[in-house]
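Below is one structure, written out as structure tokens; comments come after it.
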Amino acid sequence: MVDLIHVHGSHNHFYILDQTTLQTPLTQDELVALAQRFCQKNDFWPGADGVLVVDEPTHPGPLGKMTVINADGSIASMCGNGLRTVARYLSEKMGQKEFTVETAEADLRVSRATDFAEGVPAFSVEISPVLFNKEAFPFDHLGFDKIVNEKLPVINDHLSFTTIAVPNPHLISFVENDQDLNETLGEIGQRLNSENPYFPDGVNVNFAKILGPNKLFVRTFERGVGFTNACGTGMSATSFAFALIHPEQVNLKQPISVYNPGGMVKTNVHPDAEHPWIELIGNATFLDKASFDESDLHQAKLEESNFTTTKTDEETAYQAFVESL
Ligand SMILES: N[C@@H](CCC[C@H](N)C(=O)O)C(=O)O
């Protein structure tokens, strides 16, 4: 039997599939089919926002390799909330508290952090590289070399936007009212993740409200998924934009608290280093594991009767943490 571990970071939900436990790893096409089928919710299956595939690293150093597959089957170069949960998985599997994980474009440092609350394990992960140059984006940058707090009338008539790749692409705007935070975000997210002339490969769209010094609320419409409860790379990129555009509101010596519809994370922005990076710290919660015959995973077969589930009780502690915020 093979386990799919249902996990979340700020209620951004994933299934972890450790390919090293399989007799035969799934092919790329099989992984895409698995994500498309298993991320869909139905009356016996909770669904998720993506699948996190763990493999042996391709070079010495990292403890494992993480590949991110969005719910629609598209492949993403990074996932911040997901990396925290993979860090926990590898930490418990290998008995290490601080190590690196190979991702599509970089080996990233991860470590066990102080629990966010009783029964809420937390991990810290490196988000990098941080890129502004237009070559880092799958679009022509609308005539700009980089977009930092620019009005983009072809996208919206009153908001200003920033684009940052970490290295997956993010479009960020600081908004003031709930209409923009919800309806405008949904409209722009839908439009830029359907066929459109500006972002042909789609983009993660993050709208943030400034709640006070070092305090944000961020909502994200994710490429390949739609609205999610939280996006780790989105909250990290938005924290970086916050420090850049509103320096008077950010004390870089203190963490930024980033609230989101699924909870809260902390970020530390390191903008001045030769290699700018962001530290993302947040929960890594394991909800349950579903055990399947390996052949069913190869065929993306999901029926009410072809798996057994073993639950943890971590969600109760996580809910208590969210209520305490
Ligand atoms: N939820 C993730 C980001 C997942 C990938 C994203 N949808 C993309 O296509 O770039 C996170 O926590 O960072």
Side-chain angles (χ1 to χ4, degrees), residues 6-16 31-32 35-36 39 47-53 66-89 101 103-106 108 110 122-131 136-139 163-172 185 188-190 192-194 196 199-208 216 218-241 258-267 277-285:
H6 184 193
V7 299
H8 77 77
S10 279
H11 273 295
N12 192 192
H13 285 249
F14 306 98
Y15 295 106
I16 293 179
L31 288 169
V32 167
Q36 289 169 335
C39 290
D49 303 310
V51 170
L52 305 168
V53 183
M66 174 183 83
T67 302
V68 184
I69 310 183
N70 288 320
D72 71 353
S74 57
I75 310 291
S77 53
M78 234 311 262
C79 176
N81 291 327
L83 181 58
R84 297 200 309 276
T85 64
V86 166
R88 175 175 169 191
Y89 174 76
V101 177
T103 64
E105 293 193 26
L108 298 173
V110 304
F123 274 75
S124 155
V125 301
E126 173 187 357
I127 305 292
S128 89
V130 179
L131 305 165
F137 290 85
F139 56 93
T163 53
I164 304 182
V166 288
N168 58 338
H170 291 273
L171 179 70
I172 296 156
L185 172 59
I188 293 176
Q190 285 284 3
L192 299 183
N193 286 289
S194 312
N196 75 92
F199 296 82
D201 289 343
V203 67
N204 300 291
V205 187
N206 308 276
F207 278 16
L216 292 174
V218 177
R219 217 174 161 210
T220 305
F221 189 103
E222 276 193 43
R223 175 176 72 162
V225 190
F227 274 118
T228 56
N229 286 315
C231 173
T233 47
M235 294 184 288
S236 302
T238 305
S239 299
F240 203 97
V258 188
Y259 295 81
N260 57 67
M264 188 268 284
V265 298
K266 293 201 180 273
T267 57
W277 66 286
I278 306 143
E279 180 185 12
L280 169 69
I281 311 155
N283 74 298
T285 299

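For ligands, and for the atoms within them, numbers begin at 1 and follow the listed sequence. From a predicted model like this one, the values you see are computed outputs, not experimental measurements.
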Looking only at protein heavy atoms, which one is nearest to [atom], and what is the separation?
atom	value
atom 2 (C) of ligand 1	C79 SG, 3.1 Å
atom 6 (C) of ligand 1	N204 OD1, 3.3 Å
atom 13 (O) of ligand 1	T233 OG1, 2.6 Å
atom 3 (C) of ligand 1	E222 OE1, 3.5 Å
atom 12 (O) of ligand 1	G232 N, 2.6 Å

Within-cut-off N or O pair, G80 and ligand 1, under 3.5 Å: yes

Under a heavy-atom criterion of less than 4.0 Å, does G224 contact ligand 1? no

Can you find a non-hydrogen atom of M78 under 4.0 Å from ligand 1? yes

Taking only heavy atoms of [X] into account, list the atoms of ligand 1 that are under 4.0 Å away from them.
X	value
N70	4 (C), 5 (C), 6 (C), 7 (N), 8 (C), 9 (O)
N81	11 (C), 12 (O)
A76	5 (C), 8 (C), 9 (O), 10 (O)

Side chains of [X] and [Y] only: does a donor on one sit below 3.5 Å from an acceptor on the other?
X	Y	answer
H170	T238	no
N12	S10	no
N168	T233	yes

Side chains of L108 and V101: closer than 4.5 Å at any heavy-atom pair? no

In terms of relative ring orientation, are H6 and H13 parallel, tilted or perpendicular, with 30° and 60° separating the classes? tilted

